[in-house]
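Each remark here refers to the structure printed beneath this line.
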Amino acid sequence: MTKYLVTAALPYGNGPLHFGHLAGVYLPADIFSRHMKLMGEELIYVSGSDEHGVAIMQNAQKAGIGYKEYVDQWHQDHKSLFDKFDIEFDVFGQTSAEYHREETLKWFEILYEKGAIEKQDEKQLQCQDCKNLLPDRFVEGECYECGYENARGDECPKCGTWIDPLKLKNPQCKFCDSKNIKAIDSFQWYLMLSKYQKEFDSWFETKSSWKKTVFPYVKSLASEGLVNRAITRDLDWGIDVPLDEAEGKKLYVWFDAPIGYVSNTKKLFEGTDTDYLNDWWLNKDTKLVHFIGKDNIIFHSIIFPVMSLVSERAKLVDDLPANQYLNLSGAQFSKSSGNSLDSHQAIDKFGSDALRFYLASLIPEMQDSNFTWSGLEVKVNNELANNIGNFINRCLKFYVKNYPEGINLTEKYDFFETELFTEFEKLRVEYQNSLKDYQFQKAIKALMGIGFSANQYFSDREPWSKIKEDVPHAEVTLYTSVILVYLIGIHFSSLLPKLSHEIRAHFEEGLQNENFYQKIYQGEYEELKSYLNSNPLKIIKKPKGLVPKIDPDIIKDLEG
RNA sequence: CGCGGGAUGGAGCAGUCUGGUAGCUCGUCGGGCUCAUAACCCGAAGGUCAGAGGUUCGAAUCCUCUUCCCGCAACCA
């Protein structure tokens, strides 16, 4: 039995999450996970905070608090944002936790024993005033290619040259601004990716079906030869390198971060009979899917797979549905340049249905997409509210007004034999197949199509006039439409869980039961049929507009 | 010639792998309806698919070149 191990890139515990993170990673992974679970698949959705690295150290120092305290704050902040967005992880842990350290050390030890990790000497810059070692980003100077004065230690922003920090002219320490910098002899441990080129190539060949923003890119990188990477740093925040001669060195954040997927799974099953390795990470029936943004492709397609291959503590990734970027008004989200917005404020103002709907429609599957406030207004008001929200409202209100006790028509009418139902099934299958293929735009289109068919049916049959001259005709229309409302409610549960729940809440308890509607989600209607045979279809809650429209004035304010 | 992706009606996108009279959502215009959140339904206008060349009976779709946009190696979805 195939089971699904879904991971979402560990958010870095160093700042607020923005819509790009949500639309690119957490939302698609959440929709996918909810969908597969509803389809009856065994699936876990794993993520957690990524909490090591220099950037965190710097910002914690700036904030004047301890590292652990600092990352705990962001962990809580991210968690609460995910809650508001109805992003439902099975586990959301922390890489600063002890269980993660233990798992990471196991990986290191195995890789080290197998010769995949080697010590190499290297020159490093050290500030002679503050005594800090200065890895790439912590030194600035003059580019030796183009002469640009503020080149960073890794890349010259002007000419794009990949900088060797040792060759920078007039290097300056980013910690204390001192220019008294010397190259000293040092050493680090390297992950010897180049040793595994062959194994990597033959594995990666089998992934040609990955999307074209991923496969050709990785293939071209790999064909240039896998590059060994330093996986230790001279820092005082992180996991200690478990070697005698590595005093004062920590594992580099990018080494331990992906192991976080594994360690968080371990945490999830702690105290149960489930073995996180044999039942999940090493199970050949497990399908491993990493949801990530495009910047993360190399780690998830090359580095972590090679680590897994050698350590044999994880199977290799099966699917890598990496997304492009969601931009804000045409430019990347960036707090430092002011191109940002407060995700918490936004979700508090508009709610998860509206934002999930808009962001899902913006999931940058093949190319960068663009968030705008007016886009939110247009999308939510014109599509979700006018199509779906309005159909539910017009239908339920009319129904309750005329048939407060419900209708039972099964004696003379079979909804499941109608053309409308056939059309519904076609769209439902399209919707679900698209979700399974990570094609979220297509899925939404199919879902909207159901709303359109429903409105069309309702309008064509004019129950408002038929009810005066041909009551049975009107009854069929209303009865059918209310069934559609129920079905729409069920099928929204992966995309908009709140709205879905609110729709279902209008129906009697038996229909609200999760096991009951899950069958329907899967396209099995027997139980629904027998329910309808013996019960009138009754609305138990006074209908009201479920999808409130967004006030254009609020949007104007936000854009102003 | 560093690498990868992209360029399709006013806007946002699908179609490109597996060539055969250009499709979807929104917007616009005209009509209908009044159950409903000024919502819904019907119809119309509007593009020759970044540019040039080539292959072909036929190309948005394959090939070549050009232009422009985005991203790119280790903090950043």
Side-chain angles (χ1 to χ4, degrees), chain A residues 8-12 14-15 17-26 50 52-59 135-137 154-155 160 162 211-221 223-224 227 229-230 252-254 257 291-299 302-303 322-327 330 332-336 361-362 364-370 372 374-375 378-379 381-383 385-387 389-399 401-402 439 441-442 444-445 448-449 452 454-460 462-465 467 474 477-478 481 543-549:
Chain A
L10 305 188
Y12 197 53
N14 187 39
L17 289 170
H18 58 238
F19 287 169
H21 299 105
L22 289 159
V25 177
Y26 306 102
D50 173 14
H52 292 134
V54 203
I56 281 172
M57 293 170 60
Q58 280 185 311
N59 284 325
D136 39 34
R137 289 261 171 148
D154 55 351
E155 187 183 14
W162 199 247
K211 60 168 117 172
K212 59 182 169 184
T213 49
V214 178
F215 183 79
Y217 172 57
V218 176
K219 195 175 159 64
S220 109
L221 280 173
S223 69
E224 290 162 20
V227 183
R229 300 294 176 183
Y252 176 49
V253 58
W254 257 110
F291 281 86
I292 56 170
K294 60 179 164 183
D295 57 308
N296 257 336
I297 291 174
I298 294 168
F299 298 95
I302 299 178
I303 301 177
N323 284 315
Q324 307 297 297
Y325 282 159
L326 169 68
N327 294 323
Q332 274 191 40
F333 277 87
S334 163
K335 217 186 163 194
S336 50
S361 81
L362 289 178
E365 290 167 36
M366 291 308 289
Q367 53 195 298
D368 291 357
S369 60
N370 200 22
T372 61
S374 55
V378 167
K379 202 83 189 169
N381 289 358
N382 294 343
E383 296 191 37
N386 288 354
N387 181 352
N390 180 57
F391 173 70
I392 295 164
N393 195 43
R394 73 192 293 203
C395 170
L396 292 187
K397 275 195 177 150
F398 197 56
Y399 191 79
K401 190 174 156 199
N402 292 287
Q439 298 189 31
Q441 328 272 7
K442 219 170 154 183
I444 293 174
K445 199 180 277 180
M448 290 297 109
F452 172 72
N455 272 310
Q456 193 181 39
Y457 172 82
F458 200 89
S459 296
D460 282 354
E462 305 181 347
W464 56 90
S465 65
I467 201 156
T477 308
L478 292 171
S481 299
K544 60 166 181 123
L546 293 181
V547 183
K549 286 214 181 182

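Labels below follow one simple rule: chain letters A, B, ... track the order of the sequence lines, proteins then strands, and each chain is numbered from 1. Since the model is a prediction, treat every value here as computed from it, not as a measurement.
Counting non-hydrogen atoms under 4.0 angstrom, A/L22 reaches nothing in the nucleic acid. As judged by a 4.0 angstrom heavy-atom cut-off over every strand, A/I298 is placed among the base-contacting residues. Residue contacts shown for A/G20 include a base, since a base heavy atom lies under 4.0 Å away. Using a 4.0 Å heavy-atom cutoff across all strands shown, A/I467 reaches no nucleic acid atom at all. Nucleic acid contact class of A/Y399 (heavy atoms, under 4.0 Å, all strands): none.
For RNA chain B, if you chain together Watson-Crick or G-U pairs that step i with j, i+1 with j-1 and so on, the runs of at least three with distances under 3.5 Å are B:2-7 with B:67-72, B:10-13 with B:23-26, B:28-32 with B:40-44, B:50-54 with B:62-66.
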**OP:** Give the B/S/- string for nucleotides 3-16 of chain B, one per nucleotide from 5' to 3', where a protein heavy atom under 4.0 Å of the base yields B, of only the sugar-phosphate yields S, and otherwise -.
**Re:** SSSS------SS--

**OP:** List the protein contact pattern of nucleotides 42-47 of chain B with one symbol per nucleotide (5' to 3'): B for base contact, S for sugar-phosphate-only contact, - for none; contact means a heavy-atom distance under 4.0 Å.
**Re:** S-----

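If you take CG of A/N327 and C1' of B/C70, they are 8 Å apart, rounded to a whole angstrom.
Checked against ring-ring contact (aromatic ring centres under 6.0 Å, His included), A/Y217 has no partners two or more places apart in sequence or in another chain. In this structure, A/S220 has no side-chain hydrogen bond (donor to acceptor under 3.5 Å, both in side chains) partners at least two apart in sequence or on a different chain.
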Produce the list of close N/O pairs, under 3.5 Å, pairing protein atoms with atoms of nucleotides 35-37 of chain B; give distances to one decimal.
{"residue": "B/C35", "atom": "O2'", "partner": "A/R394", "partner atom": "O", "Å": "3.4"}
{"residue": "B/C35", "atom": "O2", "partner": "A/R394", "partner atom": "NE", "Å": "3.1"}
{"residue": "B/C35", "atom": "N3", "partner": "A/R394", "partner atom": "NE", "Å": "3.4"}
{"residue": "B/C35", "atom": "N3", "partner": "A/R394", "partner atom": "NH2", "Å": "2.5"}
{"residue": "B/C35", "atom": "N4", "partner": "A/R394", "partner atom": "NH2", "Å": "3.1"}
{"residue": "B/A36", "atom": "O3'", "partner": "A/N393", "partner atom": "ND2", "Å": "3.0"}
{"residue": "B/A36", "atom": "O2'", "partner": "A/N390", "partner atom": "OD1", "Å": "2.7"}
{"residue": "B/A36", "atom": "O2'", "partner": "A/N393", "partner atom": "ND2", "Å": "3.0"}
{"residue": "B/A36", "atom": "N1", "partner": "A/R394", "partner atom": "NH2", "Å": "3.4"}
{"residue": "B/A36", "atom": "N3", "partner": "A/N390", "partner atom": "ND2", "Å": "3.2"}
{"residue": "B/A36", "atom": "N3", "partner": "A/R394", "partner atom": "NE", "Å": "3.1"}
{"residue": "B/U37", "atom": "OP1", "partner": "A/K397", "partner atom": "NZ", "Å": "2.6"}
{"residue": "B/U37", "atom": "N3", "partner": "A/V547", "partner atom": "O", "Å": "2.8"}
{"residue": "B/U37", "atom": "O4", "partner": "A/G389", "partner atom": "O", "Å": "3.4"}
{"residue": "B/U37", "atom": "O4", "partner": "A/V547", "partner atom": "N", "Å": "3.1"}
{"residue": "B/U37", "atom": "O4", "partner": "A/V547", "partner atom": "O", "Å": "3.3"}

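The aromatic rings of A/F333 and A/F19 lie perpendicular to each other, with more than 60° between the two planes, well past the 30° mark.
Under a cut-off of 6.0 angstrom, the local environment of NZ in A/K219 is sparse, with at most 12 non-hydrogen atoms contributed by other residues, nucleotides or ligands. At most 12 non-hydrogen atoms from other residues, nucleotides or ligands lie less than 6.0 angstrom from NZ of A/K442.
B/A59 and B/G54 are spaced 12 Å apart, taking the P atom of each and rounding to whole Å.
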